[in-house]
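Here the structure comes first, spelled out in structure tokens, and everything after it is commentary.
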Amino acid sequence: ASIVQIAYLTALKKYAIHREFKSGEGYADFVFIPNKKSDTAFILELKVDSTPEEALKQIKNKNYMQSLRNCVGPKLAIGISYNSENTNKDDNRRHYIKIEELN
């Protein structure tokens with residue numbers, strides 16, 4: 001949790017970060033809009049007991065990338081899924097991630 005908090009606080013220096021951001025046909029979990037429009041912008045969608053592919057599909061199907069229309073740099077869609085069940089006695093719950101560049 002500390003690592004995520006540090007990453008979030010660091011990102012605030014370069015990004016306007018929006019949570020549950022109205023975009024397209026729904027609400028994106030997180031939208032990171034860079035202060036410099038030429039920097040990389042990205043949308044982060046989180047899923048529980050699903051797949052990162054489903055998260056990416058939601059970003060595309062609900063047109064969340066509309067929120068990045070004023071950004072001129074690269075645009076990324078990031079899907080992160082979390083397995084709520086502990087599937088390995090020696091390991092914590094699993095997270096999976098997939099990143100795609102948006103057009």
Side-chain angles (χ1 to χ4, degrees):
S2 296
I3 292 172
V4 172
Q5 185 173 15
I6 290 169
Y8 181 84
L9 293 172
T10 301
L12 285 173
K13 295 176 185 176
K14 292 182 135 185
Y15 291 91
I17 303 171
H18 304 279
R19 186 160 190 238
E20 293 298 322
F21 193 66
K22 175 73 174 134
S23 183
E25 300 172 26
Y27 293 87
D29 287 335
F30 287 94
V31 176
F32 288 72
I33 299 175
N35 296 332
K36 286 177 50 180
K37 292 184 188 220
S38 60
D39 284 349
T40 303
F42 56 97
I43 298 169
L44 178 65
E45 189 65 29
L46 307 169
K47 293 288 182 196
V48 176
D49 295 329
S50 186
T51 65
E53 290 81 10
E54 282 298 316
L56 294 175
K57 184 177 172 183
Q58 181 174 329
I59 290 170
K60 294 172 191 170
N61 288 348
K62 294 196 173 196
N63 197 25
Y64 291 166
M65 61 279 262
Q66 179 183 4
S67 62
L68 305 179
R69 67 186 171 280
N70 294 326
C71 301
V72 297
K75 299 171 184 86
L76 301 176
I78 303 171
I80 298 177
S81 67
Y82 164 75
N83 182 350
S84 66
E85 293 193 27
N86 190 344
T87 58
N88 182 339
K89 66 178 180 158
D90 297 326
D91 202 345
N92 289 326
R93 292 166 179 88
R94 302 279 182 170
H95 292 80
Y96 302 93
I97 185 168
K98 187 164 184 180
I99 302 170
E100 289 184 2
E101 191 162 357
L102 297 169
N103 296 327

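Residue indices begin at 1 and follow the sequence shown.
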- Message: Apply side-chain contact (heavy atoms from CB on, under 4.5 Å) to residues Thr51 and Tyr96 and explain how you reach the verdict.
- Response: CA-CA 7 Å; Thr51 65; Tyr96 302 93; over 6 Å; no
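Counting only distance, with no hydrogens or angles, the side chain of Glu100 and the backbone of Ala77 share no donor-acceptor pair below 3.5 Å. Using modelled atom types, no side-chain atom of Glu45 and backbone atom of Leu56 make a donor-acceptor pair closer than 3.5 Å. A donor-acceptor contact shorter than 3.5 Å links the side chain of Ser23 to the backbone of Ser67.
Under a hydrophobic-cluster definition in which Ile, Leu, Val, Met, Phe, Trp and Tyr are linked whenever side-chain heavy atoms come within less than 4.5 Å, directly or via other members, Phe30 and Leu9 are assigned to the same cluster. Hydrophobic clustering keeps Val48 apart from Ile43 (ILVMFWY residues linked when any side-chain heavy atoms are closer than 4.5 Å, directly or through intermediates). Residues Ile59 and Phe42 do not share a hydrophobic cluster, clusters being chains of Ile/Leu/Val/Met/Phe/Trp/Tyr side chains in contact below 4.5 Å.
Judged as a side chain to side chain contact (heavy atoms under 4.5 Å, CB included), and not counting sequence neighbours, the contacts of Asn61 are Lys57. A search for side chain to side chain donor-acceptor pair (under 3.5 Å) contacts involving Glu54 returns nothing, not counting sequence neighbours. Every residue two or more places apart in sequence or in another chain was checked for a side chain to side chain donor-acceptor pair (under 3.5 Å) with Asn35, and none qualifies. Annotation: side chain to side chain contact (heavy atoms under 4.5 Å, CB included) contacts of Ile97 (sequence neighbours excluded): Ile78, Ile80, Ile99. Applying the ring-ring contact (aromatic ring centres under 6.0 Å, His included) rule to Tyr64 yields no partners; only residues at least two apart in sequence or on another chain are considered.
Residues Pro74 and Ser38 approach most closely at CD-O, 3.8 Å, considering heavy atoms. Residue Pro34 comes nearest to Asp39 through the heavy atom pair CG-O, 3.5 Å, listed as atom of the first residue, atom of the second, then distance.
In Lys22, the NZ atom is crowded: over 12 heavy atoms of neighbouring residues, nucleotides or ligands sit closer than 6.0 Å.
Atom CD1 of Ile33 is separated from atom NZ of Lys75 by 11.0 Å, given to the nearest 0.5 angstrom. With values rounded to the nearest 0.5 angstrom, Leu76 atom CG is found 11.5 Å from Phe32 atom CZ. We find the CG-CZ distance between Leu68 and Phe21 to be 8.5 Å, quoted to the nearest 0.5 Å.
Counting heavy atoms from C-beta on, the side chains of Tyr82 and Ser84 come closer than 4.5 Å.
For residues 7-20, the set of pairs meeting the side-chain hydrogen bond (donor to acceptor under 3.5 Å, both in side chains) definition, not counting sequence neighbours, is empty.
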